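Chain letters run A, B, ... following the sequence lines, proteins first and then strands; every chain starts at 1. From a predicted model like this one, the values you see are computed outputs, not experimental measurements. Quick note: numbers below take in every heavy atom, side chains included, and nothing from hydrogens, waters or symmetry partners.
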2 protein chains.
Amino acid sequence: MGQRYLARVHVTLKPGVLDPQGEAVKQGLVTLGYEGVKEVRVGKYLEVLLEAVDTEQAYQQVEEMCRRLLANPVIEKYSYEIAKAGEESKV
Amino acid sequence: MGQRYLARVHVTLKPGVLDPQGEAVKQGLVTLGYEGVKEVRVGKYLEVLLEAVDTEQAYQQVEEMCRRLLANPVIEKYSYEIAKAGEESKV
């Protein structure tokens, strides 16, 4: 039984990559009357609860998970924070 | 010409709401060998660049945008941070 960690992962499109979903949300907001909206970028936010031997292993595994599955390295970038489960700040 | 603000919005499923997408990601990670993964929750992360008269109006508009379009109040909860554009911390 290792320690439990909560990883908070943000996966967002790289600058310059077209964001049709963001464009659609922007149009929706402008249609609702929010003309001040200039740009919308839509990404993924994942919370991963995992068991690991220690913090170092947790970081190593989350890095691999991002590279292998959670983010598409061609068009997406990722960032993450990891805290011991139960000690994370609220989002 | 108002002031530009960057709103960072997290839209996540309410506790207890089934998350088939999260379940699928979890299965994918376990299949890749990350047996320590206990749970995955998938949500949306949006960055909204908007022009507003002042901070108060920016907060009021982003709150409305979340309620009216960005989040489904039945199954999702939302949170956001707003900073003057260019003064936001990096994600």
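A:V30 is not connected to B:V53 by any chain of hydrophobic side-chain contacts under 4.5 Å among Ile, Leu, Val, Met, Phe, Trp and Tyr, and they are in different clusters. Note on A:V11: it clusters hydrophobically with B:L29, by side-chain heavy-atom contacts below 4.5 Å among ILVMFWY residues. Hydrophobic cluster membership is shared by B:V9 and B:Y5, with clusters built from Ile, Leu, Val, Met, Phe, Trp and Tyr side chains linked at under 4.5 angstrom. One hydrophobic cluster holds both A:Y59 and B:Y34 under the rule that ILVMFWY side chains link at heavy-atom gaps under 4.5 Å. Under a hydrophobic clustering in which Ile, Leu, Val, Met, Phe, Trp and Tyr are joined whenever their side-chain heavy atoms come within less than 4.5 Å, directly or via other members, A:V25 and B:Y78 fall into the same cluster.
From A:T12, atom OG1 reaches atom CD of B:E47 across 6.5 Å, with rounding to the nearest 0.5 Å. Between atom NZ of residue A:K38 and atom CG of residue B:L50 there is a gap of 9.0 Å, rounded to the nearest 0.5 Å.
Looking only at heavy-atom pairs under 4.5 Å with chain A, the residue among B:A7, B:G43, B:A58 that has the most is B:G43. Across A:Q61, A:R68, A:K26, A:K44, the residue that shares the most heavy-atom pairs under 4.5 angstrom with chain B is A:R68.
For A:Q21, no part lies under 4.5 angstrom from a heavy atom of chain B. Contact annotation for B:E35: neither backbone nor side-chain heavy atoms come within less than 4.5 Å of a heavy atom of chain A.
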A:V37 vs B:M65, side-chain contact (heavy atoms from CB on, under 4.5 Å): CA-CA, chis, key distance, verdict: CA-CA 10 Å; A:V37 173; B:M65 292 176 200; 3.6 Å; yes
